Amino acid sequence: MSTQKSNTAPISPRPGLRLHNSHQRTTVPFTPDDASNVRLYFCGPTVYDRVHLGNLRSMLSADVLVRLLKALYPQVTYVRNITDIDDKIIQRARENDEDISHLTERTTKDFHDDLAALNILPPTVEPRATQHIPDMLEMIGRLITQGHAYETEGHVLFDVTSFPSYGALSGRSLEDMLAGARVDVADYKRNPGDFVLWKPSRNDEPGWDSPYGRGRPGWHIECSAMAERYLGESFDIHGGGNDLLFPHHENERAQSLCCYPHGHFARHWVHTGMLLSNGEKMSKSLGNFHTIHEVLERTPAEALRLLFLGSHYRSTLDFTWEKLDEARRIMDRFYRALEKTPPASTDSLPADMLEALCDDLNTPLALSALHRYADAALEGQQSAANHLWAGGQLLGLFTMKPADWFQGGTDLDPATIEALIEKRLAARKARDFALADQIRNDLAEQGILLEDGPAGTTWRKG
RNA sequence: GGUCUGGUGGCAGAAUGGCUAUGCAUCGGACUGCAAAUCCGCGUAUGUGGGUUCGAUUCCCGCCCAGACCUCCA
């Protein structure tokens, strides 16, 4: 049995979580407003198309963070929105000749399926923008009343000069932005940096009645409104891909702090690094993206998960199929270790892994510990197998039984394979190695690998 | 052009003011009829030029290179 009896109790001493705060640009100790309920918000997808691997990476980074927080704190409230009103959605629906709600429902379902395949935990609340239009209008009204927003030509715009610390989050000054302005400045804006809170809708565009006419919200206001609705004026962590830092998060922060001056909005900002494909940012607009669906057709989901865990969440990661294959081989080894020494206790969370994750989610370092446990588990050490299992669970790995990992979902019927193994065994006994090897090669061509061990011949998917 | 991040062995990827993880691949060996799997063994790699220091990959400055943001983007 495990030697870690103490791990069945709350971990003590509990390591302190240190987390990089992109607002301060340093890694700092994380202290929640309310240690009995950690509250965080992550920006979810705009549902007009399948999410790609880059989108997935930030969702996965959030998942690791949430899993860790759940291990450290009694309660975690995790809000991740769905943006289901947006000009890209309108445009795509038009291109597809598809009803907007059909497009968003369909894409949202795909999104959920993809995340579930990756064993990404669902958020506590998953609000949709279209269900919070009144909340947004209320915020917009307050911003106008308080002099932070103005109405012009059917638009409501946020006045960035009304918020002295505008730019502080993303580390840029208004002057710099004005100096290097590459934005086409609409002539109804007072300042080039002013951004839309509400915009008018034509008759053929979706819209809601408002004091400013029939229209729809700008992009940023939804997150401010939904974060306030579910997490309050102040909460602990706000995150997303680092391409959201500006303008999206900067604008959210401006809106929220101006609307609720007594709150602090998000204390801690977490931004994930970009995923590259062929050395360039994977993005829908560049067209160099791979969908999750596409990847899962050729690799088990856990290999993809491991690939992402193998690099730090803040670093850029260049996706290649070779890395995916490598990740799959590593998973093979982990599952082989679990098969050799089945875990007997599931609560032996290894302290070194917890420590690594508490150091700004150092998943590569945590994985190196996992390798050590796998080595020892292959030697038959029970406590190592327990640690391997528990540590993998913390990272969202090992959702399968080893037998299913190695033998699940084959084209060939297992009984057929067993019969061929018997036939080959007979050939070997007769020292007819040519026939034995031919059987083995034929199976290999069908993706079935044979392994002769002391206890007999076993098979697995190749 | 402005802002920022980063450049570690063949590849991926941690860490650190002095002893440089881990994995994959390669190579050699054990095991095997041969393989596969497993095990053992093998690699001084920190872009570049200065500076600080007894000592720098780690701190500071310049340069080169790469990527991100400045426009929708996770």
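Throughout, a chain's letter reflects where its sequence line sits, starting with A, and its residues are numbered from 1. Bear in mind the structure is a predicted one, so any value in this text is a computation, not a measurement. Hydrogens, waters and symmetry mates are skipped; everything else that's a heavy atom, side chains included, is used.
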Check: Among Arg229(A), His132(A), Glu222(A), which residue meets the side chain to side chain contact (heavy atoms under 4.5 Å, CB included) test with Pro127(A)?
Finding: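 Result for side chain to side chain contact (heavy atoms under 4.5 Å, CB included) with Pro127(A): His132(A).
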[atom1]-based separation of [M] from [N] [nearest Å]:
| N | M | atom1 | value |
| --- | --- | --- | --- |
| U52(B) | C59(B) | C1' | 8 Å |
| G50(B) | U46(B) | P | 16 Å |
| C65(B) | A37(B) | C1' | 43 Å |
| G51(B) | U57(B) | P | 14 Å |
| U44(B) | C19(B) | P | 15 Å |
| A36(B) | U26(B) | P | 10 Å |
| A21(B) | U8(B) | C1' | 12 Å |
| C27(B) | C42(B) | C1' | 8 Å |

Item checked: Whether Phe246(A) and Tyr166(A) hold their rings parallel, tilted or perpendicular, with breakpoints at 30° and 60° -> perpendicular
Next item on the list: Could you check whether the rings of Phe163(A) and Phe158(A) sit parallel, tilted or perpendicular, using 30° and 60° as the cut-offs?
Entry: perpendicular
Check: Would His271(A) and Tyr313(A) count as a close aromatic pair, with their ring centres under 6.0 Å?
Finding: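 Distance test on ring centres: not under 6.0 Å, no.
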Notebook entry, point to check: In terms of side-chain heavy atoms of His52(A), which of C34(B), A74(B), A14(B) is nearest?
Noted result: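 In terms of side-chain proximity for His52(A), the closest of C34(B), A74(B), A14(B) is A74(B).
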Checklist line | Closest to the Arg172(A) side chain, choosing from A12(B), A74(B), C69(B) | finding: C69(B)
Could you check whether any side-chain N or O of [X] sits under 3.5 Å from a backbone N or O of [Y], counting only pairs where one atom can act as donor and the other as acceptor?
| X | Y | result |
| --- | --- | --- |
| Ser58(A) | Gly240(A) | no |
| Asn362(A) | Ala356(A) | no |
| Arg39(A) | Thr77(A) | no |
| Lys461(A) | Thr410(A) | no |
| Glu302(A) | Thr399(A) | yes |

When all nucleic acid strands are considered with a 4.0 Å heavy-atom cut-off, which category describes [X]: base, sugar-phosphate, or nothing?
| X | result |
| --- | --- |
| Ile330(A) | sugar-phosphate |
| Asp332(A) | nothing |
| His271(A) | nothing |
| Arg92(A) | nothing |
| Leu370(A) | nothing |
| Arg372(A) | nothing |

Check: RNA chain B in dot-bracket, Watson-Crick or G-U pairs under 3.5 Å, [ ] crossing, | other strand?
Finding: (((((((..(((.....[...)))..((((.......)))).....(((((..]....))))))))))))....
Notebook entry, point to check: Going by heavy atoms closer than 4.0 Å, what residues in residues 54-66 of chain A are next to RNA chain B?
Noted result: Gly54(A), Asn55(A), Ser58(A)
Check: Got a sec? Which of residues 431-448 of chain A come in under 4.0 Å of RNA chain B, heavy atoms?
Finding: Phe433(A), Asp437(A), Arg440(A)
Identify all side-chain donor-acceptor contacts of residues 40-49 of chain A below 3.5 Å with residues at least two apart in sequence or on another chain.
residue: Tyr41(A); atom: OH; partner: Asn81(A); partner atom: OD1; Å: 3.3
residue: Asp49(A); atom: OD2; partner: Arg92(A); partner atom: NH1; Å: 3.3

With a 4.0 Å cut-off on N to O distance, would you call [X] and [Y] a salt bridge?
| X | Y | answer |
| --- | --- | --- |
| Glu294(A) | Arg50(A) | no |
| Arg216(A) | Asp87(A) | yes |
| Arg333(A) | Asp375(A) | yes |

What is the distance, rounded to the nearest whole Å, between atom [atom1] of [X] and atom [atom2] of [N]?
| X | N | atom1 | atom2 | value |
| --- | --- | --- | --- | --- |
| Leu307(A) | G23(B) | CG | C1' | 13 Å |
| Ile82(A) | A74(B) | CD1 | P | 11 Å |
| His371(A) | G23(B) | NE2 | P | 6 Å |
| Phe289(A) | C72(B) | CZ | C1' | 14 Å |
| Leu317(A) | A74(B) | CG | P | 17 Å |

Kindly write out the residues that satisfy side-chain contact (heavy atoms from CB on, under 4.5 Å) with [X], not counting sequence neighbours, or none if the list is empty.
| X | result |
| --- | --- |
| Gln446(A) | Leu412(A) |
| Ala149(A) | Leu143(A), Ile144(A), Val156(A), Leu197(A) |
| Asp159(A) | Tyr150(A), Thr161(A), Ser162(A), Arg190(A), Asn191(A), Asp194(A) |

Note to self: Is the phosphate of U5(B) approached by Asn242(A) (side-chain N or O, under 4.0 Å from OP1 or OP2)?
What the structure shows: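 No, no such contact exists.
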Under 3.5 Å between N/O atoms: give me all the protein pairs with nucleotides 25-31 of chain B, atom names plus distance.
none

Next item on the list: Return the set of residues passing side chain to side chain donor-acceptor pair (under 3.5 Å) with Ser165(A) (not counting sequence neighbours), or none when no residue passes.
Entry: Arg253(A)
Note to self: Please compare Lys284(A) and Arg428(A) by the position of their nearest nucleotide in RNA chain B and report the one closer to 5'.
What the structure shows: Arg428(A)
Note to self: With nearest nucleotide decided by heavy atoms, which residue, Asp318(A) or Ser368(A), maps closer to the 5′ end of RNA chain B?
What the structure shows: Asp318(A)
Item checked: Contacts of type ring-ring contact (aromatic ring centres under 6.0 Å, His included), residue Phe406(A), not counting sequence neighbours -> none
Item checked: Stepwise side-chain hydrogen bond (donor to acceptor under 3.5 Å, both in side chains) test for Thr130(A) and Arg128(A) -> CA-CA 6 Å; Thr130(A) 53; Arg128(A) 300 181 189 209; over 6 Å; no
Check: Take atom CG in Asp204(A); do more than 12 heavy atoms of anything else shown fall under 6.0 Å from it?
Finding: yes
Would you list the protein and nucleotides 36-38 of chain B atom pairs, both N or O, that sit under 3.5 Å from each other?
residue: A36(B); atom: O2'; partner: Glu451(A); partner atom: OE2; Å: 3.4
residue: A36(B); atom: N1; partner: Asp452(A); partner atom: O; Å: 3.1
residue: A37(B); atom: O4'; partner: Glu451(A); partner atom: OE2; Å: 3.4
residue: A37(B); atom: O3'; partner: Arg336(A); partner atom: NH1; Å: 2.8
residue: A37(B); atom: O2'; partner: Arg336(A); partner atom: NE; Å: 3.4
residue: U38(B); atom: OP1; partner: Arg333(A); partner atom: NH1; Å: 3.4
residue: U38(B); atom: OP1; partner: Arg336(A); partner atom: NH1; Å: 3.4

Margin query: I want to check something: taking the side chain as every heavy atom from C-beta on, are Lys70(A) and Leu121(A) in contact at a cut-off of under 4.5 Å?
Written below: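 The answer is yes; the side chains approach within 4.5 Å.
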Nucleotide N/O of nucleotides 65-67 of chain B paired with protein N/O under 3.5 Å:
none

